[in-house]
Engineer: 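What follows is a single structure, and I will ask about it in a moment.
What you see below is based on every heavy atom in this structure, not just the backbone, and it leaves out hydrogens, waters and symmetry mates. This is a predicted model, so every value here is computed, not measured. Counting convention: from 1, in listed order, for ligands and their atoms alike.
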Amino acid sequence: MKELVNRIKELKKNKNAVILAHCYQNAEIDEVADYVGDSLYLSQMAAKTNADIIVFAGVYFMAQTAKILCPDKKVLLPNLKSGCEMADMINLRQLREFKNKYPNIPTVCYINSTAEVKSECDICCTSSNAVKIVESLNAEKVLFLPDKNLGRWVEKKLGNVKVITYDGYCPIHHNIRTNEIEKVKKENPDVKLLAHPECREEIADRADYVGSTTGIMNFVKNSSDKKFIIATEKGVVDRLERDYPEKEFVIVKENLICESMKLNHLKDIYDSLNNETYEIKVDNEISKKALRCIERMLNVSK
Ligand code: 13P
Ligand code: SF4
């Protein structure tokens, strides 16, 4: 492993490349990553890098977003099978139908969406800035897609905006059930529950903290508690266990795994950088329109 790590680092230097890694990736990738974090952080880092090549250890929509932000750079996704099931729940036709059903209402799309969908939405958001983004619109009603759980959570947090949600969700987070949470809470009384906002409303209601992947990790960092219940993908728990060996983490259920996030291992990163595969391309017109939607978010998130 050490040798592979060194070879990747050498390639990075020679090719002026950076590696961005989402915190659901296999934790070994952090050894070579320049930036590790949530979707917002990674898109901010992509927007400001001076590198010639970006290797995105994440899923397709993340690499596509990086390409839209940096059209002149080479953006590589190590495995083209790394999709996001939630992002694939809405296409352009379905978006248009949704907008036609509720005309003249601003449309907010979660970053977990395709470039085509972003190109016809007003503003983008991530789990860490969704509340702020919706609030920034000063609207009585907004359309929110694809994640109905995140949309519901934003509506509850704001209290004065009607959030009309599309019927999309993350199969991994949506699969966490109230009875499972109740059971873990009962087994671990007085232990705080930290949940991702892609979880069902009933789970978010029971959580002591709801936030992005980085938000959850920061909560642990800043807390004096010694034990936590975590309701998000296992990659976050792996990193927490690595970084805080003195603390204990209870994952709400087994198999909270996003398979397409786990396709990358160090060897895949090496191959991607060495062979410069697989290059992400986005149609020019779509890219320009989607950029407006993403940049508007980044400006609000500064
Ligand atoms: P974060 O932006 O919180 O990292 O979430 C991305 C994601 O895909 C969660 O399922
Ligand atoms: Fe998509 Fe869910 Fe995987 Fe996140 S965890 S990338 S939302 S399928």
Side-chain angles (χ1 to χ4, degrees), residues 20-27 29-30 33 35-47 56-66 77-90 108-114 117-118 124-133 144-151 153-154 165-176 194-200 203-204 207 209-220 230-240 251-253 255-264 294 297-298 301:
L20 309 188
H22 188 266
C23 33
Y24 291 163
Q25 290 282 298
N26 290 310
I29 291 177
D30 295 7
Y35 306 102
V36 182
D38 65 8
S39 310
L40 178 64
Y41 175 70
L42 296 178
S43 55
Q44 286 167 331
M45 292 307 110
F56 216 119
V59 289
Y60 197 90
F61 77 81
M62 296 178 176
Q64 199 180 42
T65 303
L77 184 70
N79 192 321
L80 286 178
K81 291 202 182 99
S82 308
C84 165
E85 279 191 67
M86 167 154 57
D88 294 336
M89 283 182 190
I90 186 165
V108 182
C109 69
Y110 193 22
I111 197 163
N112 299 40
S113 57
T114 64
V117 164
K118 288 184 181 82
C124 189
C125 75
T126 74
S127 61
S128 64
N129 62 17
V131 174
K132 199 170 164 186
I133 296 293
F144 194 97
L145 58 110
D147 190 5
K148 59 181 173 186
N149 293 322
L150 179 62
W153 178 70
V154 169
T165 53
Y166 184 79
D167 190 19
Y169 54 88
C170 163
I172 293 103
H173 290 87
H174 199 64
N175 200 20
I176 305 172
L194 318 184
H196 196 276
E198 287 174 14
C199 291
R200 285 167 188 265
I203 311 298
Y209 171 79
V210 179
S212 75
T213 50
T214 298
I216 291 174
M217 295 204 278
N218 284 340
F219 186 95
V220 170
I230 309 289
T232 193
E233 209 267 355
K234 190 174 170 292
V236 167
V237 178
D238 293 341
R239 284 171 176 77
L240 288 171
I251 190 150
V252 287
K253 67 191 278 181
N255 296 325
L256 268 183
I257 292 173
C258 177
E259 296 293 346
S260 56
M261 280 283 187
K262 303 300 186 210
L263 293 173
N264 293 328
I294 300 165
M297 166 187 84
L298 293 177
S301 279

Engineer: Is the contact between Asn112 and ligand 1 made by the side chain, the backbone, both, or neither, using heavy atoms and a 4.0 Å cut-off?
Structural biologist: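 The answer is the side chain.
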Engineer: Is there side-chain contact between Leu256 and Thr232, with heavy atoms separated by less than 4.5 Å?
Structural biologist: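 Side chain of Leu256 against side chain of Thr232, heavy atoms only: no contact under 4.5 Å found.
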Engineer: Hey, which of Glu233, Lys234, Arg239 is the one that makes side chain to side chain contact (heavy atoms under 4.5 Å, CB included) with Tyr24?
Structural biologist: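 The residue from Glu233, Lys234, Arg239 that satisfies side chain to side chain contact (heavy atoms under 4.5 Å, CB included) with Tyr24 turns out to be Glu233.
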Engineer: Distance under 4.0 Å to a non-hydrogen atom of Thr213: what atoms of ligand 1 satisfy this?
Structural biologist: 1 (P), 3 (O), 4 (O)
Engineer: Tell me which one of Cys125, Cys84, Cys124 satisfies side chain to side chain contact (heavy atoms under 4.5 Å, CB included) with Ile111.
Structural biologist: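 Among Cys125, Cys84, Cys124, the one that satisfies the side chain to side chain contact (heavy atoms under 4.5 Å, CB included) with Ile111 is Cys124.
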Engineer: Could you tell me whether some N/O pair between Ser127 and ligand 1 is separated by less than 3.5 angstrom?
Structural biologist: yes
Engineer: Check for a donor-acceptor pair, side chain of Ser260 on one end and backbone N or O of Gly83 on the other, with a separation under 3.5 Å.
Structural biologist: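 Yes; judged by distance alone, with no hydrogens or angles, the pair exists.
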Engineer: Determine whether any heavy atom of His196 lies closer than 4.0 Å to an atom of ligand 1.
Structural biologist: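 For ligand 1, residue contact (heavy atoms, under 4.0 Å) with His196 is present.
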Engineer: Would you indicate whether the side-chain heavy atoms of Ser43 and Met297 approach each other to under 4.5 Å?
Structural biologist: yes
Engineer: Please step through side chain to side chain contact (heavy atoms under 4.5 Å, CB included) for the pair Glu198 and His174, ending with a clear verdict.
Structural biologist: CA-CA 7 Å; Glu198 287 174 14; His174 199 64; over 6 Å; no
Engineer: Please determine whether any non-hydrogen atom of Glu233 lies less than 4.0 Å from an atom of ligand 2.
Structural biologist: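 Contact check Glu233 vs ligand 2: negative.
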Engineer: Would you say His22 contacts ligand 1, with heavy atoms under 4.0 Å as the rule?
Structural biologist: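 His22 counts as a contact of ligand 1 under the 4.0 Å cut-off.
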Engineer: Working to the nearest 0.5 angstrom, can you tell me the gap between Tyr166 OH and Met86 CE?
Structural biologist: 12.5 Å
Engineer: Under 4.0 Å from a heavy atom of Tyr24: give me the atoms of ligand 1 that qualify, with their elements.
Structural biologist: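 Reading through ligand 1 atom by atom, the close ones are 7 (C), 9 (C), 10 (O).
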Engineer: Using heavy atoms and a 4.0 Å limit, tell me yes or no: is Thr126 in contact with ligand 1?
Structural biologist: no
Engineer: What orientation do Tyr35 and Tyr41 show, parallel under 30°, tilted 30 to 60°, or perpendicular over 60°?
Structural biologist: perpendicular
Engineer: For atom 2 (O) of ligand 1, what is the closest protein heavy atom, and at what distance to 0.1 Å?
Structural biologist: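 Ranked first by proximity to atom 2 (O) of ligand 1 is Ser39 OG, 2.8 Å.
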Engineer: Answer yes or no: is there a side-chain heavy-atom contact under 4.5 Å between Thr213 and His22?
Structural biologist: yes
Engineer: Consider ligand 1: state whether an atom of it lies below 4.0 angstrom from any non-hydrogen atom of His173.
Structural biologist: yes
Engineer: In a check of side chain to side chain contact (heavy atoms under 4.5 Å, CB included) between Ser212 and each of Asp38, Leu40, Thr126, Asn129, which one passes?
Structural biologist: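 Answer after filtering Asp38, Leu40, Thr126, Asn129: Asp38.
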Engineer: Which ligand 1 atoms are under 4.0 Å away from a heavy-atom of Ser212?
Structural biologist: 3 (O)
Engineer: Spell out the protein N/O/S atoms under 2.8 Å from atom 1 (Fe) of ligand 2 as residue plus atom name.
Structural biologist: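 Checking every protein N, O and S atom gives Cys84 SG.
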Engineer: At a non-hydrogen distance cut-off of under 4.0 Å, which region of Glu198 contacts ligand 1 (side chain, backbone, both, or neither)?
Structural biologist: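 Only the side chain of Glu198 comes within reach of ligand 1.
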